[in-house]
Amino acid sequence: MQSSFLLPIEFDLGATFLMAMTGVWAASRRGYDAVGAFSMAFVAGVGGGLLRDSVFLSLPPVIMHDPRYLAAVLAAVLAGGVTHRLAQRFDKLMAYVDALAIGVYAVVGTDKALANQVAPIGAVLVGMCNAVGGGMLRDILTREVPLMFKPGQLYALAAFAGCILFLVLQSGYHVPVQDAAWIAIAATLLLRVLAIRFNWTTRPFSYWDEWVRRRRSGS
């Protein structure tokens, strides 16, 4: 069954390009060669889609039958090589580019899961994996703790919010799918950017145990 996602494919390809470029920047910081940069771009750009299609939806990954995705990755390698010094100079640039990409992937993954008759809660999980999968693989391969695993600026939560908002708008309020997609993408991007700008962070899991103990001792 074809997805009902109505955004132009160029937007999805743009997200692939942006996420792949973050992979190139990560490779440049580690001093990888051209092969390493391409590998990182490929993993970051299409890693979430590979998880979504092959693992959760049992579909042929789009990278295997649409050459435009590979072209987007190759373009990201060239663009990332030209701009890697800019990314190193502006520390938050990579985070902002990543924020834009996860907003698109969250909606695309959720919508494609719904179109393939996945239950709503499962569709949200697929959307989150689509959104954060590439970045997680990128961080693991560069020996970094993935952003979604450590206390930080609402990374996985921003993707989760976008998935939920898209699901509620389309299924609950019957907003046209394209309008719901744009609203959810914008909300995810805005939440992530505001979290970066104002340093809204989550707490370590151990913090809550300490908080409960303080409350009990205080009572």
Side-chain angles (χ1 to χ4, degrees), residues 1-25 38 40-80 94-116 118 123-138 155-156 158-167 169-170 175-193:
M1 182 181 296
Q2 294 295 319
S3 173
S4 58
F5 189 64
L6 297 181
L7 285 177
I9 191 173
E10 288 78 13
F11 200 84
D12 191 16
L13 291 171
T16 302
F17 169 83
L18 292 172
M19 187 65 83
M21 193 157 58
T22 68
V24 178
W25 291 340
F38 171 79
M40 292 299 304
F42 184 87
V43 167
V46 303
L50 286 170
L51 291 173
R52 176 199 66 210
D53 294 338
S54 60
V55 175
F56 294 105
L57 301 180
S58 299
L59 297 173
V62 291
I63 187 66
M64 303 303 293
H65 57 79
D66 192 334
R68 289 175 291 184
Y69 286 88
L70 181 58
V73 172
L74 291 173
V77 173
L78 296 177
M94 182 172 169
Y96 288 137
V97 171
D98 186 89
L100 178 58
I102 67 171
V104 180
Y105 283 141
V107 169
V108 172
T110 303
D111 180 67
K112 192 167 185 178
L114 290 172
N116 284 274
V118 176
V124 170
L125 293 176
V126 173
M128 286 191 63
C129 288
N130 196 171
V132 305
M136 181 179 67
L137 294 173
R138 175 198 64 210
Y155 187 74
F160 178 74
C163 295
I164 290 292
L165 180 58
F166 174 76
L167 181 67
L169 289 174
Q170 188 183 11
V175 176
V177 63
Q178 186 173 6
D179 295 338
W182 280 107
I183 293 170
I185 290 168
T188 304
L189 175 61
L190 179 62
L191 179 59
R192 180 76 177 116
V193 169

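Hydrogens, waters and symmetry mates are skipped; everything else that's a heavy atom, side chains included, is used. Since the structure is predicted, the reported quantities are computational estimates derived from the model, not experimental observations.
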Qualifying residues under side chain to side chain contact (heavy atoms under 4.5 Å, CB included), relative to Leu78, sequence neighbours excluded: none

Heavy-atom pair with the smallest gap, counting every atom of Leu165 and Ala184: CD2-CA, 3.9 Å

For Leu137, side chain to side chain contact (heavy atoms under 4.5 Å, CB included) partners two or more places apart: Val43

Salt bridge (charged side-chain N to carboxylate O under 4.0 Å, His left out) partners of Arg192, counting only residues at least two apart: none

Thr110 side chain vs Val107 backbone, donor-acceptor pair below 3.5 Å: no

Closest approach of Val77 to Ala41 (non-hydrogen atoms, all atoms of both residues): CG2-CB, 3.8 Å

Nearest non-hydrogen partners of Ile185 and Gly103, listed with the distance: CG1-O, 3.5 Å

With sequence neighbours excluded, residues passing side chain to side chain contact (heavy atoms under 4.5 Å, CB included) with Ala131: Ile102, Tyr105, Ala106, Ala159

Within-4.5 Å side-chain heavy-atom neighbours: Leu169 and Asp179: no

Closest non-hydrogen atom pair between Val132 and Ala156, with its separation: CG1-CA, 4.4 Å

Heavy-atom neighbours of Phe160 CZ exceed 12 at 6.0 Å: no

Salt bridge (Lys or Arg N to Asp or Glu O under 4.0 Å) contacts touching residues 51-65 (sequence neighbours left out): Asp53-Lys112

Which residues share a side-chain hydrogen bond (donor to acceptor under 3.5 Å, both in side chains) with Thr188, sequence neighbours left out: none

Phe42 vs Ile63, side-chain contact (heavy atoms from CB on, under 4.5 Å): CA-CA, chis, key distance, verdict: CA-CA 10 Å; Phe42 184 87; Ile63 187 66; 3.9 Å; yes

Non-neighbouring partners of Leu190 that pass side chain to side chain contact (heavy atoms under 4.5 Å, CB included), sequence neighbours left out: Leu194

Salt bridge (Lys or Arg N to Asp or Glu O under 4.0 Å) partners of residues 68-78, not counting sequence neighbours, each pair once: Asp66-Arg68

Heavy-atom closest contact (Met19 atom, Ala101 atom, distance): CE-CB, 3.7 Å

Least distance between heavy atoms, Gly133 atom then Leu51 atom: CA-CD1, 4.1 Å

Phe166 side, atom CZ; Ile183 side, atom CD1 - distance, nearest 0.5 Å: 10.5 Å

Pairwise distance CE(Met64) to CG(Leu50) - rounded to 0.5 angstrom: 8.5 Å

Stepwise side-chain contact (heavy atoms from CB on, under 4.5 Å) test for Val97 and Trp25: CA-CA 11 Å; Val97 171; Trp25 291 340; 4.0 Å; yes

